[in-house]
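Here is how names work: the chains are called A, B, and so on, in the same order as the sequence lines, proteins then strands, and each is numbered from 1.
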Amino acid sequence: MLTIQELENIRKSKEKLVAVRHHRNDDTPNESGYKYQVLVCGGTGCTSSGCKNVVAALREQIAEHKLENDVKIVTTGCFGLCALGPIMIVYPEGTFYSAVKAETIPEIVEEHLINGNPVKHLLYQQTVCEDGSIKSLDETDFYKKQLRVALRNCGVIDPEDIEEYIATGGYSALAKVLTEMTPDDVIQTLLDSGLRGRGGGGFPTGRKWAFAKASVSDQKYVCCNADEGDPGAFMDRSILEGDPHSVLEAMAIAGYTIGASQGYIYVRAEYPVAVKRLLIAIEQAEKLGVLGDNIFGTDFSFKIELRLGAGAFVCGEETALMTSIEGHRGEPRPRPPFPAVKGLFGKPTILNNVETYANIAQIINKGADWFASMGTETSKGTKVFALGGKITNVGLVEIPMGTTLREIVEEIGGGVPNGKKFKAAQTGGPSGGCIPAEHIDVPIDYENLIALGSMMGSGGLIVMDEDNCMVDIAKFFLEFTVDESCGKCTPCRIGTKRLYELIDKITSGKGEPEDIDKIKELCAYMKSTSLCALGQTASNPVVSTMRYFMDEYEAHVKDKTCPAGVCKELTSYEIIPEKCKGCTLCARNCPVNAISGKVKEPHVIDKEKCIKCGMCMNNCKFGAIVKK
Amino acid sequence: MVTLKINGKSVTVPEDYTILQAAKEVNVEIPTLCYLKDINCIASCRVCVVEIKGRPGLVASCVYPVAEGMEVLTNSPAVRASRKMTIEMLLSNHNKKCLSCSRSTNCELQRLANDYNVDETRFGSEAPRYDIDDVSPYLVRDNNKCILCRRCVAACSKVQGIGAIGAIARGYKTHIDGAFEKCASETTCVGCGQCIVACPVGALREKTNVDLVWEALGNPDKHVIAFTAPSIKATLGECFDMPIGTNVEGEMVSAIRQLGFDKVFNMDVTADLTIVEEANEFLGRVQNGGTLPMMTSCCPGWVKFVEHQYPEFIPNLSTCKSPQAMFGAVLKSYYAEKNNIDPKDIFVVSVIPCTAKKFEVTREQVNKTGDFQDVDVSLTTRELGNMIKNAGIKFAELDKEEYDNPFETASGGGVIFGATGGVMEAALRTAVKKLDPDCDIIDFNEVRGTDGIKEAEYTVNGTTIKVAVASGLANARKILESVKSGEKDYQFIEVMACPGGCINGGGQPCQSDSVKNYVDLKTIRAKALYDEDASLEYRRSHETPVMDMLYKEYFGEPGGERSHKLLHTSYVERHKY
Amino acid sequence: MYKEPAVPFKGTKEQEQELLSFIEANKDERGVLMPALQKAQEIYGYLPIEVQTMVARALDMPLSEVYGVATFYSQFSLNPKGEHRISVCLGTACYVKGADKIMEGLEARLGIKCGECTPDGKFSLDSARCIGACGLAPVMLVDEDVYGRLTVDELDDILAKYRD
């Protein structure tokens, strides 16, 4: 059994090791015992870009130069700048290497780790000033406006080492709760903090816990929703990969608060790295005694089990998730009864998502006021977003609530690439909606997003530019929900399909004016009548694109054109005779021989034959082919 | 108790009531499709949605609990628009061959579509996507008509504890079928037909054999005989909109005769014969140390259930054939000989409230004593009703007629065969009398009633008999498990596959949810049988003149050589997966 | 609708033993069906009727229930997978960057549709929901290898690597 004193001893012994790992330029003395600490991102994004080779090369070089006692290599979770992976950061200076390749490791080791000179041409160029000096990461556009609370340990600690987590104050919140606070104290602290669920609905976490605490039962459960299913969202994955113990600690706090001794984490099987790190974390926590029986010598015992999802978006819905843990088809159940009364295996249950849990230990440690000081009137704290789509800095960002969309897109995200114009951002995934350019200055919080017809969702933020057709985007999300509807209730099972067919009819150029009315009618029907949130929100992408981009729908229906030039059936390619030099390249590349013409004479596209693949336009060196 | 308002009208109801139940109290019936009381409460069809003032969206009244001060609107514009759209959605995915559908005019979806004045073409029409399963001898599944209410799934897995079918795939591709889309006859389906009577539309129906019967009736060389099972008289009237529980024996016999059958016999008679054989077998097992508990074998769904799920209990099943099979054998042997008719020229049609009997007809060890089938065709109550309608017979106005000789008069024991506990009671009447000739007990009230499991203990002349009665195979499973674990020690067990017994069989008239959710069908139908039993001259099966005649003229004694050949059978082990 | 795979089931006694001991060890845990199917798929690569029947028998559960669960979750496969498994991410980030073109390109080159396996058993093609490599969109996976920032032109070279 671990005592609180022993926990404190571990913290002290490792405190200095992690103290220098921050993004700031300051004078924190390097007392870590190493000359350098090299942190390599081991998140899924960087793993995909080949960080394993980088680590291997690094270890080889370190061994070759016998630097083992001077240099510590740490594989961490996500730094956020996934687009620039693999990412490597060297402390104590905090120099930031991006797009690192195994081949450049010898140079970095030689120059930087042995000679003490950062290899400037391999650094993230935003950190290199014109005068040659190096900026700290916190001063770069990407990080400047971020505020890392839920992600505070991601990219800082080794997620496979519980002692590094403890070094940052880990498990002290659990110790405090178990020895100094009553369950009601915990609930009050959460209520005062203003923390709301980060998984979608934004329900106050303290109230949720209070309901479950009030239910009387021999057994209760604490569940963690790590079934992050929004296409384009990876906030929860990054937390699980970078800081798994923050979730375990919060679940144990929840268990104490509501009177549960068993927790389940329902995690996507598609996240193998997260699964592995969670398993390691649970094992280490049990071994150390921060999970298990009589934690810190108290009466409180708590165990956590992992359950893997199997590829069903609907299992992100709380009742479906519990049905799935119970071993059935992940079909939602009607509410009431609410999970706090009758949840998993028919027992009172709370379910929070990963990011919500990642905030809790800090709220306990730093106090409700600290948390409530961040954010807006109704939405406290920070929110993690996964930035994606047509944006320069694709990656993970955490911002205080109330940050504007413009700050996220233009400053943190580095704007829309290729000089294209920002058109809209989609938040909330298939349940959310789009925020058009005219509302780019709206401060992001729960209420504002709802008012705009979107929602916070779990935090996917997809940027679209002028080349994206909004009808096509709506169709894309609908195709997703048709596929992911569980099939239980009529409005969602058949409604999504009929809605998809109508939108498809429009993008195919066969839309009729009454189809727009039918679409509106169907959307309203699905929202009012569906059994669960998936069906109730499935029409949001359509409703929201219709709200802001009705002109595009009308162009498809009335003029039979796709203004963005995306919908194949509505576009055509033409050769501008004045520009065509008759080089024949297009004709030779056309897969269906739709282009004819004599050498050195303007060519012509046979529109009957053309399959609109765009090969001709991509190949033309003279810009003579246009899409209409 | 809580008080709420429904459409402005105040009502006070228990706090565990749903809005649907509360609405019924103020005489508002909210339409439902997926909801079957106590069986299927999954809120999936969304037809029963209502509006609660102050709450966004609509809620499913079938599961939504009432609350103090709640104000419910069951018929607001939003509710009506939603319901209409739900029906339109279902129809957009429904093979609308209503004219030729077995459930036309008796279809819950059709009724709603009419009520809500729905344009069934507004959201397009789906081409049939699924193959029709009509491989088994008893069931046809047409998933192109399925509305995915899952009432059949609940009937199969919750009521019957079998789970031969389930929801497959996800989203728009969801459909109901056996594992790996196997046809019913390749699954563990026992053929009880509870899925059919649960189905609100025409996606499930019995495999009809009516054409074969018409053909035989039109063939002058055939001697066509019909016999009717005990419960048909209590339910056939429902096909003609007569009050539930009306005993229509006289009209039924008259109608069958008008259809052109040469003879109309009473299967209650061979129910008596079954009892005589079975009581004899039971006493033999008790006295000679045979396999106990003995289990009844007259229900073919139950027999197939044992063969699939509990083959270790096959020796416990009575070797007696069912009354249908006994009748078939008697008609093609004794009756044929006595009337000097070549059994090959006799065409035997049974009318049984059961789809599993159609399967039983195909079992050689049960229905083939010579080189011909004993019973040629087994019809359900519904099929007979259709034939009568088809022939233009004004059923309710017919004169009452009587069954033909010699299989006319049965005992009350035979009559109550159609209800759960009836076989047990009939057997007890005979067995107890045999154990103690002075005993005059006739009513064994402990085994009556519609409870799924009933137990009783009787001591007669020093012999104690512990009995159990189950209806609904999920209940049967409970009993078998308790026997298997040694927790219970019975001597005699009666099982009927359908909840409440044959009066609620899978071949009985389909009643809509608005009847099933509010009317106790099982009890009302059974009452017709128990009333008749009480009024009869003979109450014990072995005391009727027909039994006397059969044993004197043909079988000799119960369990004798001839009865062994014609009236007893054996069973086979079947796959569980 | 279930279509029997062209390749016959080739499970071994050892595989069966491994599956059955897993189920035996976890039998008392509630909701064990999903973990059992995940284990079965890990062992056999897919979930044919033979395997699902083993699971149903070991858990004393109707086969229809097992099949209902196996067909609900897209991770479970009723068909064997190719020697090399290609999955194209069709998540939002990849989609807006043209992942559909990548899918079309692969379908054309392999002569199969998404969800199928080439007749020689070499490649199977599937779509994936966001694999979290949005920074590299559009992305595809061949077995464990990730190919990011893909263009259709690169497909031939990539496929050639696995063809030998």
Handout entry: Spatial distance of atom SG (A/C567) from atom CG (A/D472) [nearest 0.5 Å]
Key =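 Interatomic distance, A/C567 SG to A/D472 CG, rounded to 0.5 Å: 5.0 Å.
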Handout entry: Gap between atom CD1 of B/I176 and atom CD1 of B/I165 - 0.5 Å precision
Key =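 Here the interatomic distance stands at 7.0 Å.
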Given 3.5 Å as the limit, does a donor-acceptor pair link the side chain of [X] with the main chain of [Y], or not?
X	Y	answer
A/K208	A/I350	no
A/K560	A/G511	yes
A/D515	A/E512	yes

Just checking, is any N or O donor in the side chain of [X] or [Y] under 3.5 Å from an acceptor N or O on the other one?
X	Y	answer
B/D142	B/N144	yes
B/R141	B/N143	yes
A/E317	A/T319	yes
A/Y553	A/T545	yes

Among [options], residue most engaged with chain A (heavy-atom pairs, under 4.5 Å):
options	answer
B/A169, B/S82, B/G57	B/S82
B/V79, B/L58, B/V47	B/L58
B/N93, B/T86, B/L90	B/T86

Handout entry: Most chain B-contacting option - heavy-atom pairs closer than 4.5 Å, from A/R329, A/R333, A/K488
Key =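 Greatest number of close heavy-atom pairs with chain B: A/R329.
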Practice task
Please determine, among A/E501, A/R335, A/E514, A/E331, the option with the most heavy-atom pairs under 4.5 Å with chain B.
Solution key: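 So the answer, after comparing A/E501, A/R335, A/E514, A/E331, is A/E331.
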Examine whether an atom of [X] lies under 4.5 Å from a heavy atom of chain A, and if so say whether it belongs to the side chain, the backbone or both; otherwise answer neither.
X	value
B/S44	both
B/I147	backbone
B/Y64	side chain
B/A78	neither
B/I87	neither
B/R83	neither
B/A43	both

Problem - Test item: B/T174 and B/L148 side chains (from C-beta on) under 4.5 Å apart, heavy atoms - result: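 B/T174 vs B/L148: side chains touch.
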Practice task
Under 4.5 Å heavy-atom distance to chain B, tell me which part of A/S530 shows up: side chain, backbone, both or neither.
Solution key: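 Contact with chain B involves the backbone of A/S530 alone.
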Exercise for the section: Could you tell me which portion of A/E484 (side chain, backbone, both or neither) has an atom closer than 4.5 angstrom to a non-hydrogen atom of chain B? Expected result: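 For A/E484, the contact with chain B is made by backbone and side chain together.
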Practice task
Compute both the distance and the angle, then confirm whether A/R268 meets the cation-pi test with A/Y271: under 6.0 Å from the six-membered ring centre, within 45 degrees of the axis.
Solution key: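 Flagged: A/R268 positioned over aromatic ring of A/Y271.
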Practice task
With A/D504 as reference, evaluate A/K568, A/K475, A/K497 under the salt bridge (Lys or Arg N to Asp or Glu O under 4.0 Å) test and give the passing residue.
Solution key: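 The residue from A/K568, A/K475, A/K497 that satisfies salt bridge (Lys or Arg N to Asp or Glu O under 4.0 Å) with A/D504 turns out to be A/K475.
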Handout entry: chain B-proximal positions within residues 518-528 of chain A [heavy-atom distance under 4.5 Å]
Key =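 The stretch touches chain B at A/K518, A/E521, A/L522, A/Y525, A/S528.
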Practice task
Mind telling me whether A/Y264 and A/Y221 have parallel, tilted or perpendicular rings, with 30° and 60° as the class edges?
Solution key: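 Rings of A/Y221 and A/Y264: tilted, 30 to 60°.
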